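The structure displayed is predicted, hence computed values, not measured ones.
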Amino acid sequence: MYKPAAFAEDRPDVLARAMADIQLAALVTPSADGLVITHVPMVVRHLADQIVLETHVARANPHWRAEPVGPSAAIFQGPQSYVSPSWYPSKQEHGKVVPTWAYIAVHAHGTMETCQDDDWLQQHLNALTDANERDRDAPWQVSDAPDRFIGSLSRGIVGLRLVIDRLEGSWKINQHKSDADQIGTEAGLRSAGPDGAALAAALAQSRD
């Protein structure tokens, strides 16, 4: 990951929280036949001092059969937005400004493992579902569906675990700009939809 010092985010707790919030990742595994890439939702597990990512793929997906020739990586793309130079007060001062792109991204590197244990898959599916249903007025649970139905569907998936050995993140949100241009960026991002609002909040937090 290219991450200039101004944008680098290496705190494990911050990166883990971002992965849990983003959830969807591109899982990339190098194989003898080339890169295998699948977009999957991830569950973040904290096991002692180890962070592990859990997911699952359809049994028909060749990803779980890939024989890795090196570490895998999960790429989490968080909020992202175009940044207009018209948001900067410095545009009026000297005009030496250009557009850029603001984003939050996390890369998790590690060893991919497959898991076909029924209990593990059940716990994984419960965790993934509960995380996304917990704020609903009437949360749906896996147990709401018939056991035989869930059992039949579960036989069609395979669990994957990414045991992380390296985490890195980039919070490219214009925190290297002057205070005035940061304030202008924050105001502009707040009008740029949900992703822009999330980036504006991150920029405001970095300035506190």
**Q** Taking Met1 as the starting point, is it possible to reach Val28 by hopping between hydrophobic residues whose side chains are less than 4.5 Å apart?
**A** no

**Q** Got a donor-acceptor contact below 3.5 angstrom from the Thr185 side chain to the Asp181 backbone?
**A** yes

**Q** If you measure from CG on Leu153 to CZ on Arg155, what distance do you get to the nearest 0.5 Å?
**A**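 Between atom CG of Leu153 and atom CZ of Arg155 there are 9.0 Å.
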
**Q** Show, in sequence, the C-alpha distance, side-chain angles and deciding distance for Glu9 and Val106, and conclude whether the side chain to side chain contact (heavy atoms under 4.5 Å, CB included) test is met.
**A** CA-CA 9 Å; Glu9 178 55 77; Val106 181; over 6 Å; no

**Q** Could you tell me whether the side chain of Lys172 and the main chain of Trp101 form a donor-acceptor pair under 3.5 Å?
**A** yes

**Q** Minimum heavy-atom separation for Ala74 to Ala25, with atom names?
**A** CB-CB, 4.2 Å

**Q** Can you establish whether the number of heavy atoms outside Asp147 located under 6.0 Å from its atom CG is more than 12?
**A** no

**Q** Do Leu125 and Val52 belong together in a cluster built from hydrophobic side chains that touch within less than 4.5 Å?
**A** no

**Q** Hey, is the main chain of Leu203 close enough, under 3.5 Å, to the side chain of Gln175 for a donor-acceptor pair?
**A**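 Between the backbone of Leu203 and the side chain of Gln175 there is no qualifying donor-acceptor contact (under 3.5 Å).
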
**Q** Hey, does Leu160 have a side-chain heavy atom less than 4.5 Å from the side chain of His56?
**A**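 Not touching, per the 4.5 Å side-chain cut-off.
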
**Q** Taking all heavy atoms of Gly196 and all of Ser81, pick out the closest pair and write down the distance.
**A**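 So the two residues come closest at CA-CB, 4.4 Å.
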
**Q** Rounded to the nearest 0.5 Å, how far does OG of Ser72 lie from CZ of Arg161?
**A**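 The OG atom of Ser72 is 13.0 Å from CZ of Arg161, to the nearest 0.5 Å.
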
**Q** Do other residues, nucleotides or ligands put more than 12 heavy atoms under 6.0 Å from Arg11 CZ?
**A** no

**Q** Find the distance between CZ (Arg190) and CG (Leu199) and round it off to the nearest 0.5 Å.
**A** 10.5 Å

**Q** Looking at Glu133 and Trp140, would you say the former's side chain and the latter's main chain have a donor-acceptor pair under 3.5 Å?
**A** yes

**Q** What is the distance from atom CD1 of Ile173 to atom CD of Gln80, rounded to the nearest 0.5 Å?
**A** 14.0 Å

**Q** Any idea which heavy atoms bring Ser86 and Lys91 closest together, and the distance?
**A** CA-CD, 3.7 Å

**Q** Under 3.5 Å, side chain of Asp144 to main-chain N/O of Gln141, donor-acceptor pair present?
**A** yes

**Q** With distance as the sole criterion, is a donor-acceptor pair present between the side chains of Lys177 and Ser90 under 3.5 Å?
**A**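 No, no side-chain donor-acceptor contact under 3.5 Å.
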
**Q** Would you mind reporting whether Tyr82 and Pro99 have side-chain heavy atoms less than 4.5 Å apart?
**A**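 Counting from C-beta outward, Pro99 and Tyr82 do come under 4.5 Å.
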
**Q** Side chain to side chain donor-acceptor pair (under 3.5 Å), that's the test. Do Arg59 and Gln116 meet it? Break it down for me.
**A** CA-CA 10 Å; Arg59 189 168 291 277; Gln116 300 189 61; 3.0 Å; yes

**Q** Within the structure provided, determine whether Leu35 and Pro30 are in side-chain contact (heavy-atom separation under 4.5 Å).
**A**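 Heavy-atom side-chain distance check passes, below 4.5 Å.
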
**Q** Taking Thr55 for its side chain and Pro41 for its backbone only, find out whether a donor-acceptor pair lies under 3.5 Å.
**A** yes

**Q** Is Val142 close to Gln122 at the side-chain level, that is, under 4.5 Å between some pair of heavy atoms?
**A** yes

**Q** Could you walk me through whether Leu27 and Ile37 satisfy the side chain to side chain contact (heavy atoms under 4.5 Å, CB included) test, starting with their C-alpha distance in whole Å, then the side-chain angles of each, then the deciding distance to 0.1 Å, before giving a yes or no?
**A** CA-CA 5 Å; Leu27 179 61; Ile37 306 171; over 6 Å; no

**Q** Any idea which heavy atoms bring Glu186 and Ala200 closest together, and the distance?
**A**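 Scanning both residues completely, I find the closest heavy atoms to be O-CB, 3.6 Å.
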
**Q** Can you tell me how far CZ of Arg207 sits from CD of Gln205, rounded to the nearest 0.5 angstrom?
**A** 13.0 Å

**Q** State whether the side chain of Thr129 and the backbone N or O of Asn126 hold a donor-acceptor pair below 3.5 Å, judged by distance alone.
**A** no

**Q** Do Asp165 and Gln50 meet the criterion of a side-chain donor-acceptor pair at a distance under 3.5 Å?
**A** no

**Q** Give me each pair satisfying salt bridge (charged side-chain N to carboxylate O under 4.0 Å, His left out) with a member in residues 23-47, each pair once, sequence neighbours excluded.
**A**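 Found Arg45-Glu54.
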
**Q** Determine whether the side chains of Glu168 and His109 contain a donor N or O and an acceptor N or O closer than 3.5 Å.
**A** yes

**Q** When clusters are formed by joining ILVMFWY residues with side-chain heavy atoms under 4.5 Å apart, either directly or through shared neighbours, do Ile157 and Trp64 land in the same one?
**A** no

**Q** Between Thr29 and His63, is a side chain to side chain contact (heavy atoms under 4.5 Å, CB included) present by the stated rule, with each step listed?
**A** CA-CA 8 Å; Thr29 299; His63 201 135; 2.8 Å; yes

**Q** List the atom of Gly159, the atom of Leu121, and the distance in Å for their closest heavy-atom pair.
**A**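 Result for this residue pair: N-CD2, 3.7 Å.
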
**Q** Are Ile51 and Met42 grouped together when hydrophobic residues (ILVMFWY) are joined by side-chain heavy atoms under 4.5 angstrom apart?
**A**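 Ile51 and Met42: one cluster.
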
**Q** Whether the Asn174 and Tyr88 side chains hold a donor-acceptor pair (N or O, under 3.5 Å, no angle test) is what I'd like checked.
**A** yes

**Q** Would you indicate whether the side-chain heavy atoms of Val43 and Leu53 approach each other to under 4.5 Å?
**A** no

**Q** Given the rule in the salt bridge (Lys or Arg N to Asp or Glu O under 4.0 Å) test, do Asp10 and Lys3 qualify, once you have shown the distances and angles that lead to the verdict?
**A** CA-CA 10 Å; Asp10 297 313; Lys3 48 174 185 175; 2.7 Å; yes

**Q** Looking at every heavy atom in both Leu15 and Gly169, which two are closest together, and how far apart are they?
**A** CD2-CA, 3.7 Å

**Q** Taking it one step at a time, do Trp171 and Ser206 satisfy side chain to side chain contact (heavy atoms under 4.5 Å, CB included)?
**A** CA-CA 10 Å; Trp171 266 235; Ser206 75; over 6 Å; no

**Q** What about Val40 and Phe76, same hydrophobic cluster or not, with Ile/Leu/Val/Met/Phe/Trp/Tyr joined at side-chain heavy-atom distances under 4.5 Å?
**A** yes

**Q** Distance from Ile104 atom CD1 to Gln77 atom CD, nearest 0.5 Å?
**A**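 So the gap between those two atoms works out to 9.5 Å.
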
